[in-house]
Trainee: 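Here it is, the structure in full.
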Amino acid sequence: MKGASDKTKLKDMRQDSSTYRKRKIKIDGAKETIFKKRKIRTRMSDLESFAGAAGHSGGILKAKNGHLLKIFHEENSNEPEFLSNLPSDDPLRPYTAEFYGIREISGSKYLELENLTEDCQSPSVMDIKLGKKTFIHDPKNNAERADLFSKMQKLDPTSLTPEELSSGTVTKSRYLQFRDDLSTTSMYGFRIEGISFSKDVESTFQKPEKIELQRMSKDSALENFGKFVDGNKLEKSEVLEKLKNLRQAVTDSSYLKNHQLIGCSLLFIADSQTLRLKLIDFAKSKKFESEEEKDDSWRTGLDNLISEIEQ
Ligand code: I3P
C-alpha cells in the first residue's frame, strides 16, 4: 500500500501548510528550508500539474534548485541504477532526465531529477506508456486488495470473476494485467497515460478524464494525439521526424542492447510550438540476463505509434 501512503503524505502536507513552512530539506549535505508559507501553494500546484501531466499519481516534489524529487522505494525501483549506469555518450542519454542522486527528506528517499519542463513558458505534456506489458512479476503484487477491486469495478465490472466478486478483492498483478488488456497496451504496445494541456490549448480542447484514458480505444487515443498536435500548433511532419530520430537513437543505443524498458513512458513536451521528446520512469527497467527474459515490446509500441500517426 506504499502508493496510498505517499498520496496520504502529500495530502497531509497540502492540508498543513505550517508543516511546510518549517520543513527542512537536506540537499548536498546542507540543511535548508525550501518551502516558505506563501510559496507553498504555488509550488504544490506546479507540482500537481507536472505530476498530472506526466501521469504520475503522486510522490513528486519540487526542490528550491528547480529539480524534481521523486519518491523512491529502494525495494522496487531500479531507476537510480538504470540512470546512473547509462553512459554519457549513449544515444539514449539526450532522451532521459539528468539524475543528480538520492536525497533523504524526513525519513523518505527521493531521486533528484532534472525538471524537464523547467525552461518552458506554458507547456502541454502528454505521457504515452510504452510496451505490451507495463509491469513485472513481483511476489509483492500477489496480495489481495480491495482498493484495486473497486477500481476494476468502476472500469469494467463485467471482467470480474465470480470468485473476485465474492471476495471483493483482486491482486495487483491481476489489476495491472487487466489495465494493460483494457487499454491499447496489450494489443498495440502503447497507451496514453496522461495529458495536460497548457491554458492556451485548454480553451479549445478539454483533456480527457483519467477513467476515459484508462478505457480509451486506439481510435480515441489517436484522436487525442491529434488534438495535442493541433492544439499546440505542432507540425505533424516535425512530430514524426522527432519520433523517428528517437527510434534511430534507441536502435543505435548500446545500452539498450542488454537493457529492457518496462513501464517506461514517452513524454511529449510541447511549448511555444516546439516539441521535445523524453523517456521517463525506469523503475522497472533493467539489464536482462538472458534472451528469454528480454521484452522488447516497447520498441513495437514505438513503431506502432509512428505508423499509426503516419497514416
Ligand atoms: C496504478 C498505476 C500505478 C501503480 C499503482 C496502480 O493504477 O498502475 O503505476 O503504482 O499501484 O494502482 P491506475 O493507473 O489504474 O490508477 P506503481 O507504478 O508504483 O506500481 P499502487 O496502487 O500499488 O500504488
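Ligands are counted one by one from 1 in listed order, and the atoms in each one are counted from 1 as well. Remember, it's a predicted structure, so these values are computed and weren't measured experimentally.
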Trainee: Whether the side chain of Asn115 engages the backbone of Leu68 through a donor-acceptor N/O pair (distance < 3.5 Å, no angle test) should be reported.
Mentor: no

Trainee: I need the contact type for Thr134 against ligand 1. Using non-hydrogen atoms and a strict under-4.0 Å cut-off, is it side chain, backbone, both or neither?
Mentor: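 Neither; no heavy atom under 4.0 Å.
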
Trainee: Strictly by modelled atom types, are Thr158 and Asp156 linked by a side-chain donor-acceptor pair under 3.5 Å?
Mentor: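 A donor-acceptor contact under 3.5 Å links the two side chains.
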
Trainee: Is it true that His73 lies under 4.0 Å from ligand 1, counting heavy atoms only?
Mentor: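 No.
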
Trainee: What atoms of ligand 1 come within less than 4.0 Å of a heavy atom belonging to Gln214?
Mentor: 13 (P), 15 (O), 16 (O)

Trainee: Considering the heavy atoms of Tyr175, write down every atom of ligand 1 situated less than 4.0 Å from one of them.
Mentor: 7 (O), 13 (P), 15 (O), 16 (O)

Trainee: Consider only side-chain N and O atoms of Asn232 and Ser124, and report whether a donor and an acceptor are under 3.5 Å apart.
Mentor: yes

Trainee: Please work out which of Arg145, Lys284, Arg179 has its closest non-hydrogen atom nearest to atom 14 (O) of ligand 1.
Mentor: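 Of the listed residues, Arg179 has the closest heavy atom.
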
Trainee: Compare Lys210, Glu193, Lys172 and give the one whose heavy atom is closest to atom 21 (P) of ligand 1.
Mentor: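 Minimum heavy-atom distance to atom 21 (P) of ligand 1 goes to Lys172.
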
Trainee: Check whether any N or O atom of Asp147, backbone or side chain, sits under 3.5 Å from an N or O atom of ligand 1, and answer yes or no.
Mentor: no

Trainee: Can you tell me if Glu114 uses its side chain to pair, donor with acceptor, with the backbone of Ala97 under 3.5 Å?
Mentor: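 No; judged by distance alone, with no hydrogens or angles, the pair does not exist.
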
Trainee: At under 4.0 Å between heavy atoms, which part of Asn76 makes contact with ligand 1: side chain, backbone, both or neither?
Mentor: neither

Trainee: If you measure from OG on Ser290 to CG on Asn258, what distance do you get to the nearest 0.5 Å?
Mentor: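 Going from OG on Ser290 over to CG on Asn258, the span is 12.0 Å.
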
Trainee: Atoms of ligand 1 less than 4.0 Å from Leu176 heavy atoms?
Mentor: 8 (O)

Trainee: Just which atoms of ligand 1 are under 4.0 Å from any heavy atom in Leu148?
Mentor: 12 (O)

Trainee: Heavy-atom contact under 4.0 Å between Phe135 and ligand 1?
Mentor: no

